Amino acid sequence: MSPLYWKCVSIFVLIVCVGCSERAERWTDEVALADGKVIEVSRSVRYHPGSGEIHVAMQTWPEQYSLKAKNPFTGNSFEWNGPRKFSPISLDFYQGTPYLVMIADSIFSDLKKYGCPEIPLVFFMFDEKTSQWQQISGDQYPKQILKANLSPSYDEFQMKQAPKQTKELIHAANHWREISGSSYFSKLIPSNFSEWKYQSKNSYRAENRRDGCPSTAPSNADANHPELSGKPSDAGVLEILNGKVHSPVWTVQHRSGNGDKDWGQLTFNSEKHKACSALVYVEGSNTDKPELRGWTLFVKDASKTKKSLGSNTVFCDDSFIWFLSFDPKINRFVFNKYTHGGDLIYRLNFERPPDPDGFRGHMVQSTFRAEKGYLYFDWWFSAQSGDSWQVLNSSQVRVREPTAAK
């Protein structure tokens, strides 16, 4: 789309949404305090246009909350006006002082404004002398009152039916929000990362944030890992045992289901792949060891610390696993051989045979085998055309393993 198109769309959305954010709704929460008292809190929410896709931006959403209440200990009234995309989840009192917790509702919530806390919660206490809310850390918040007691969000149908939300309705709504697993919310409010019970909290710590805050997970980079580009490897020579030039080119269907006429069955051994894949796994973002996220680990490694960059297992046998990678610094392929337990045996590089015009060379996974100190496999030069592959040349090749690794 042209820049003019998007400019026109933006103007259209702006015109349509003029006055959108003026809509506000009000209701009352019956709030149960930690000491057994019950107070009424006047709630309101203001609607704003959405973010992101046009169909979302064309609608308005309840996303900016405010509240008013009276301190039952001093009789003084106070109010809180929150930012967009945050919800207050708890209002309580400790030694006569009001305290409040709000939670980020969106990946676009501006947590950077609040110092990028390690969990998506912001804690406040009210200074009645200055009539100002002051941000405090979670560890400064009184543990005795860390419990959700406000309506978790604005439900138009629910609030219209019951403009006064009883403490029982609020408890039920908070319970449902917690068990739904669709948010960071829990009724027992955590004050720090270790207390947070969110199932994907490690992913939250490691993800690319859209709120301007950096990832807080330990780095998973390892500048010393032996598989990184440019790290030492033994030089091998690719020997061509026999080769065949196909004239005319050999045409193989992508999925014919006819054995030797089927590209998938010829080039890929699903049983081998399944057996080898069962020996390794890629550590996800939601791990207790975020420094290992994205690395390939070994099932039989009791320490769960040995790692590889390999994501596709080329071959495995009763004792070893091979990964194939390409090192751009030396412009050569590299075999990385490991034990099942994750110990690196060797790194063996070999030169890629030059590609004929219009064709690309590649290893045929189904043909790989290790035998008597050599790695054997087929090397084909092929090109895809629609639902078929054209093979110009097919060769049986081998490369000698490093002597010490036999």
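If you're wondering where the values come from, they're calculated on a predicted model, not measured in any experiment. The figures here come from the full heavy-atom set of this structure, side chains too, leaving out hydrogens, waters and symmetry mates.
- Ion pairing of Lys37 with Asp35 is present here, as a side-chain N (NZ or NE/NH1/NH2) and a carboxylate O approach within less than 4.0 Å.
- A distance of 9.5 Å separates CG in Asp355 from NE2 in His362, rounded to the nearest 0.5 Å.
- Checking Thr267 against Gln365 by side-chain atom types alone, no donor-acceptor pair falls below 3.5 Å.
- Under the 6.0 Å cut-off for aromatic ring centres, Trp322 and Phe315 qualify, their centroids lying closer than that.
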| message | Assess the residue pair Val280 and Phe323 against the criterion (side chain to side chain contact (heavy atoms under 4.5 Å, CB included)); give the C-alpha distance rounded to whole Å, side-chain angles, the decisive distance to 0.1 Å, and a yes or no. | response | CA-CA 11 Å; Val280 295; Phe323 299 102; 4.0 Å; yes

Take Gln390 and Ser388 through the side chain to side chain donor-acceptor pair (under 3.5 Å) test and state the conclusion after the steps.
CA-CA 7 Å; Gln390 315 298 322; Ser388 64; 3.2 Å; yes

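- Using a 4.5 Å cut-off on side-chain heavy atoms (C-beta onward), Tyr184 and Lys201 make no contact.
- Between the side chain of Thr287 and the backbone N or O of Lys289, at least one donor-acceptor pair lies under 3.5 Å.
- Checked by atom type, the side-chain pair Glu118/Thr216 shows no donor-acceptor distance below 3.5 Å.
- Look at Arg23 and Glu25 and you find a salt bridge, because one of the NZ, NE, NH1 or NH2 atoms lies within 4.0 Å of a carboxylate O, short of that distance.
- Atoms CG and CZ, on Asp327 and Arg332 in that order, are 10.5 Å from each other to the nearest 0.5 Å.
- Side-chain contact check for Ser151 versus Met159: some heavy-atom pair is nearer than 4.5 Å.
- Listed here is the closest heavy atom pair of Pro120 and Tyr204: CB-OH, 3.5 Å.
- In this structure, Trp380 has its ring center under 6.0 Å from that of Trp263.
- Seen from the ring of Phe381, Arg360 does not count as a face-on cation partner, given the 6.0 Å and 45° thresholds.
- Salt-bridge annotation for Arg43 and Asp155: absent, with no side-chain N of the basic residue lying under 4.0 Å from a carboxylate O of the acidic one.
- For the side chain to side chain donor-acceptor pair (under 3.5 Å) test, no residue two or more places apart in sequence or in another chain qualifies with Ser219.
- In the model, Asp127 has no side-chain atom that pairs as donor or acceptor with a side-chain atom of Gln132 under 3.5 Å.
- You'll find the ring centres of Tyr154 and Trp61 outside the 6.0 Å limit.
- Two residues are said to be in side-chain contact when any heavy atoms from C-beta on lie closer than 4.5 Å; Leu348 and Val334 fail this criterion.
- Residues Phe268 and His273 bring their aromatic ring centres within 6.0 Å.
- Closest non-hydrogen pair, Ala162 versus Gln165, comes out as O-NE2, 2.8 Å.
- Side chains of Asn349 and Asp234: a donor-acceptor N/O pair is absent below 3.5 angstrom, by distance only.
- For the 3.5 Å distance criterion, the side chains of Glu128 and Asn71 qualify, holding a donor opposite an acceptor.
- Ring geometry, Trp250 versus His246: the interplanar angle falls from 30° to 60°, so the pair is classed tilted.
- The shortest distance between side-chain heavy atoms of Asn149 and Asp92 falls below 4.5 Å.
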(message) Does Val101 form a side chain to side chain contact (heavy atoms under 4.5 Å, CB included) with Val122? I'd like the steps, not just the answer.
(response) CA-CA 6 Å; Val101 184; Val122 187; over 6 Å; no

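- Atom OG of Ser90 sits about 6.5 Å away from atom CD1 of Ile145, to the nearest 0.5 Å.
- Ion pairing between a basic and an acidic side chain is recognised when a charged N comes within 4.0 Å of a carboxylate O; Glu239 and Arg398 show such pairing.
- Phe126 and Tyr99 have their aromatic ring centers separated by at least 6.0 angstrom.
- For the atom pair CZ of Arg352 and CE of Met363, the computed distance is 13.0 Å after rounding to the nearest 0.5 Å.
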Run Asn336 and Ser325 through side chain to side chain donor-acceptor pair (under 3.5 Å) and show every step you take. CA-CA 8 Å; Asn336 302 286; Ser325 62; 3.3 Å; yes

Go through the steps to decide whether Glu283 and Arg293 satisfy the test salt bridge (charged side-chain N to carboxylate O under 4.0 Å, His left out), and finish with yes or no. CA-CA 5 Å; Glu283 187 67 277; Arg293 67 188 186 281; over 6 Å; no

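- In this structure, Arg369 is positioned above the aromatic face of Tyr376, its NZ or CZ under 6.0 Å from the six-membered ring centre and within 45° of the axis.
- Tyr281 places none of its side-chain heavy atoms less than 4.5 Å from the side chain of Thr296.
- Counting heavy atoms from C-beta outward, Leu121 and Pro190 have side chains that approach closer than 4.5 Å.
- Using a 4.5 Å heavy-atom threshold, the side chains of Asp343 and Asp301 count as separate.
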*asked:* Applying side chain to side chain contact (heavy atoms under 4.5 Å, CB included) to Glu401 and Tyr346, what does each step give before you reach the verdict?
replied: CA-CA 9 Å; Glu401 294 189 271; Tyr346 65 67; 2.6 Å; yes

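- Formation of a donor-acceptor pair under 3.5 Å by the Gln253 side chain with backbone atoms of Asp262 is not found in this model.
- Asp105 and Ser87 are linked by a side-chain donor-acceptor pair at a separation below 3.5 angstrom, with hydrogens and angles left out of the test.
- Judged by distance alone, with hydrogens and angles left aside, the side-chain atoms of Ser66 form no donor-acceptor pair with the main-chain N or O of Asn81 at under 3.5 Å.
- Within the cation-pi definition used here (under 6.0 Å to the ring centroid, within 45° of the axis), Lys306 does not qualify as a partner of Phe298.
- Side-chain atoms of Ser285 and Arg205, non-hydrogen and from C-beta on, never get closer than 4.5 Å to each other.
- Checked against a 6.0 Å centroid threshold, the rings of Phe73 and Tyr94 do not count as neighbours.
- Distance alone, capped at 3.5 Å, is enough to place a donor-acceptor pair between the Gln140 side chain and the Ser137 backbone.
- Among pairs with a residue in residues 131-144, those fulfilling salt bridge (Lys or Arg N to Asp or Glu O under 4.0 Å) read Lys143-Glu195, at least two apart in sequence or across chains.
- To the nearest 0.5 Å, atoms OH (Tyr198) and OG (Ser186) are separated by 12.0 Å.
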Show your reasoning for whether side chain to side chain donor-acceptor pair (under 3.5 Å) applies to Trp27 and Asp29. CA-CA 7 Å; Trp27 77 100; Asp29 275 352; 2.9 Å; yes

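- Considering every non-hydrogen atom in both Lys85 and Ser109, the closest pair reads O-OG, 2.6 Å.
- The cationic atom of Lys68 (NZ for Lys, CZ for Arg) does not lie both less than 6.0 Å from the six-membered ring centre of Phe78 and within 45° of the ring axis.
- The CG atom of Leu324 sits 7.5 Å away from atom CZ of Phe377, with the distance rounded to the nearest 0.5 Å.
- Listed by first and then second residue, the salt bridge (Lys or Arg N to Asp or Glu O under 4.0 Å) pairs involving residues 307-324 are Asp222-Lys307 (not counting sequence neighbours).
- Checked against a 6.0 Å centroid threshold, the rings of Phe86 and Tyr65 do not count as neighbours.
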